[in-house]
Amino acid sequence: MPVVRRNGWLKVLTTAVVFYVLLLVALLLTKNSNLFPTLAMVGSFMVPVAYVAFIYERRHLSSLTMPTVSLAFIYGGLLGIIAAAFLEPFFIRQLNLGAILRIGLIEEFAKILGVLVIARRRRHDSEMDGLILGAAAGMGFAALESNGYAFTALLESHGSISATVEVTLLRGLLAPLGHGTWTAILASVLFRESKSCNFRINWQVINAYLLVSILHATWDGLPLVVSSIFGQDLGVLIAWGVIGAVGLLILWIRWKEAIRLQMVLPSGIEETCT
């Protein structure tokens, strides 16, 4: 396998940040509203793309190529957003603790659809492949969701650029703690438990699905509880920090296991199923 540079993700992030600042300055100085969609898109995608690049650069013996990972990002984002948009109105009538859990179950199911589509014609028994594809699919979902929140913030604030920038940057900074990490955990277990060209859903996969769904629901619901004790701002930071740390710890455990279980495949060749 060719040598992989380990700092490519940092260049991706740095370049995106520079262009984001330039777009923001141009928008403020020129008042050209046509720049806003580009500003929101760059702000929503820069951290998710850099996160996927970071994971991909540490793939070791995985035979995944960048086009496949990019497709996982696209499919995970688009299929996830569309599936969640159709499913959530059927199962969520009002926002309460039960609805928060259902949101977690729905969105974690929706995001894994992209991984299933991408891997349907290739071998999927490598835990590392699942981890990478899951991270890409989850971050595709996170990027598109953040882009939607940015647009909503603009409408609700009656055109306030500062409100939009605040939402975009906050969600960007938090992105590595959420969607991408959760889907990477689930997909890594799914691939580990599957055989060759056949997906296998067993109790390990179901438990992983329930785990990431609970992490997702806790991310949405715990701040409401903690804020009543520590105040809104501090409570939200404490809740998200704890949940994010737990998710990253689990992902790190999955990554270490994936390295131990990796299969040596021909360099640069993805094995497909007939």
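Since this is a predicted model, take the numbers as computed values, not measurements.
- For the atom pair CZ of Arg192 and CG of Asp129, the computed distance is 14.5 Å after rounding to the nearest 0.5 Å.
- Taking CG of Leu177 as the start and CD1 of Ile243 as the end, the distance is 10.0 Å to the nearest 0.5 Å.
- At most 12 non-hydrogen atoms from other residues, nucleotides or ligands lie less than 6.0 angstrom from CZ of Phe109.
- Between Arg254 atom CZ and Leu251 atom CG the span is 9.5 Å, to the nearest 0.5 Å.
- Pairing each heavy atom of Ala184 with each of Leu131, the nearest pair is CB-O, 3.4 Å.
- Side-chain contact between Leu144 and Phe45 is present, with at least one heavy-atom pair separated by less than 4.5 Å.
- No side-chain heavy atom of Val189 sits under 4.5 Å from any side-chain heavy atom of Tyr209.
- Side-chain contact between Val47 and Pro176 is present, with heavy atoms from C-beta onward closer than 4.5 Å.
- Atom OH of Tyr20 and atom OG1 of Thr38 lie 12.0 Å apart (nearest 0.5 Å).
- Smallest separation of non-hydrogen atoms from Leu133 and Val69: CD2-CA, 4.3 Å.
- A donor-acceptor pair under 3.5 Å links the side-chain atoms of Arg120 to the main chain of Val117, judged by distance alone.
- Within the 3.5 Å criterion, the main-chain N or O of Val12 finds no donor-acceptor partner in the side chain of Thr15.
- Hydrophobic clustering (side-chain heavy atoms under 4.5 Å, transitive across Ile, Leu, Val, Met, Phe, Trp, Tyr) groups Ile106 together with Phe90.
- Between Val49 and Trp9 the shortest side-chain heavy-atom distance does not fall below 4.5 Å.
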- List the steps and the verdict of side chain to side chain contact (heavy atoms under 4.5 Å, CB included) for Val212 and Thr183. CA-CA 8 Å; Val212 297; Thr183 312; over 6 Å; no
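- Side-chain atoms of Glu88 and Arg102, non-hydrogen and from C-beta on, never get closer than 4.5 Å to each other.
- There is no path of hydrophobic side-chain contacts, each under 4.5 Å, that joins Phe19 to Val17.
- Linking Ile, Leu, Val, Met, Phe, Trp and Tyr whenever their side-chain heavy atoms come within less than 4.5 Å puts Trp252 and Val246 in one cluster.
- Annotation: the span from Asn147 atom CG to Thr168 atom OG1 amounts to 8.0 Å, rounded to 0.5 Å.
- Residues Gly114 and Leu79 approach most closely at CA-CD1, 4.1 Å, considering heavy atoms.
- No more than 12 heavy atoms of other residues, nucleotides or ligands shown are found within 6.0 angstrom of CD on Glu166.
- Residues Leu215 and Thr181 have side chains not in contact (no heavy-atom distance under 4.5 Å, counting atoms from C-beta outward).
- Heavy-atom neighbours of Tyr75 OH from other residues, nucleotides or ligands within 6.0 Å: at or below the threshold of 12.
- Between the side chain of Tyr56 and the main chain of Leu64, a donor-acceptor pair closer than 3.5 Å is present.
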- Query: Checking side chain to side chain contact (heavy atoms under 4.5 Å, CB included) for the pair Phe199/Val205: CA distance, chi angles, key distance, verdict?
  - Reply: CA-CA 10 Å; Phe199 284 116; Val205 176; over 6 Å; no
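- Nearest heavy atom pair, residue Ala40 against residue Ala150, reads CB-CB, 4.1 Å.
- Residues Leu10 and Phe54 are not in side-chain contact: their nearest non-hydrogen atoms beyond the backbone lie 4.5 Å or more apart.
- Side-chain heavy atoms closer than 4.5 Å link hydrophobic residues (I, L, V, M, F, W, Y) into clusters, and following such links, possibly through other members, connects Val21 to Leu29.
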- Under the salt bridge (charged side-chain N to carboxylate O under 4.0 Å, His left out) criterion, do Arg260 and Glu127 qualify, and how do the steps go? CA-CA 10 Å; Arg260 293 196 301 269; Glu127 186 171 357; over 6 Å; no
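- The aromatic rings of His179 and His216 sit perpendicular, their planes meeting at an angle over 60°, well past the 30° parallel limit.
- Using a 4.5 Å heavy-atom threshold, the side chains of Phe141 and Glu107 count as touching.
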- Should Leu170 and Tyr149 be marked as a side chain to side chain contact (heavy atoms under 4.5 Å, CB included) after you check the CA-CA gap, both sets of side-chain angles, and the distance that decides it? CA-CA 11 Å; Leu170 177 61; Tyr149 274 100; over 6 Å; no
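- Glu57 contributes a side-chain N or O that, together with a main-chain N or O of Gly8, makes up a donor-acceptor pair within less than 3.5 Å.
- Among all heavy-atom pairs drawn from Gly180 and Tyr51, the shortest one is C-OH, 4.2 Å.
- In this structure, CD in Glu156 is found 10.0 Å from OG1 in Thr164, a value given to the nearest 0.5 Å.
- In plain terms, the two heavy atoms of Leu186 and Glu108 that are nearest each other are CD2-O, 4.1 Å.
- The hydrophobic cluster containing Val18 does not contain Met41, counting ILVMFWY residues as joined when their side-chain heavy atoms lie under 4.5 angstrom apart, directly or transitively.
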- Message: If you apply the rule side chain to side chain contact (heavy atoms under 4.5 Å, CB included), what do you find for Leu174 with Trp219, and how did you get there?
- Response: CA-CA 11 Å; Leu174 295 173; Trp219 178 277; 4.1 Å; yes
